[in-house]
Amino acid sequence: MTVEELKAEVALFTLSNIRKFPCSPTLKDDFYSLWNRFGPDCARLYMMPAVWNGKVPVPSTVLQ
């Protein structure tokens with residue numbers, strides 16, 4: 001996966017679909033907090049390492 005592909009993948013995350021995304025409750029809570037405090041770009045940036053390192057599934061495979 002390239003950096004551009006990774007950016008496109010995390011762009012799929014929204015407040016509504018992160019609820020059903022298979023990741024830890026802590027990751028979800030952090031995502032919500034960052035979204036509310038700093039905006040969607042920050043929250044999506046936070047998710048990049050987890051997707052890149054394979055700790056969570058690739059969003060396009062889960063969020064259909």
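A quick note: this is a predicted structure, and the numbers were derived from the prediction, not measured. Hydrogens, waters and symmetry mates play no part in the numbers below; they use all other heavy atoms, side chains included.
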Separation of Tyr32 OH from Ile18 CD1 (nearest 0.5 Å): 7.5 Å
Pair Lys20-Val62, side chain to side chain contact (heavy atoms under 4.5 Å, CB included): steps then yes or no: CA-CA 9 Å; Lys20 60 186 173 194; Val62 178; over 6 Å; no
Closest non-hydrogen atom pair, Val51 against Pro57: CG2-O, 4.5 Å
Check: Leu27 and Met47 side chains under 4.5 Å, non-hydrogen atoms: yes
For the student: nearest non-hydrogen atoms of Cys23 and Val56, plus distance: CB-CG1, 3.6 Å
Of all pairs that satisfy side chain to side chain donor-acceptor pair (under 3.5 Å), the ones with a partner from residues 37-60, not counting sequence neighbours: Glu9-Ser60, Asp30-Tyr46
Closest approach of Val58 to Thr61 (non-hydrogen atoms, all atoms of both residues): O-OG1, 2.6 Å
Exam field: side chain Lys28 to backbone Phe21, donor-acceptor pair closer than 3.5 Å: yes
Shortest non-hydrogen contact between Thr14 and Phe31, atoms and distance: O-CE2, 3.9 Å
CG on Leu6 to CE on Met48, rounded to 0.5 Å: 5.0 Å
Phe13 vs Pro40 side-chain heavy atoms within contact, under 4.5 Å: no
Between CG on residue Leu63 and CG on residue Leu12, distance to nearest 0.5 Å: 6.5 Å
Flag side-chain contact, heavy atom, 4.5 Å: Cys42 against Leu45: no
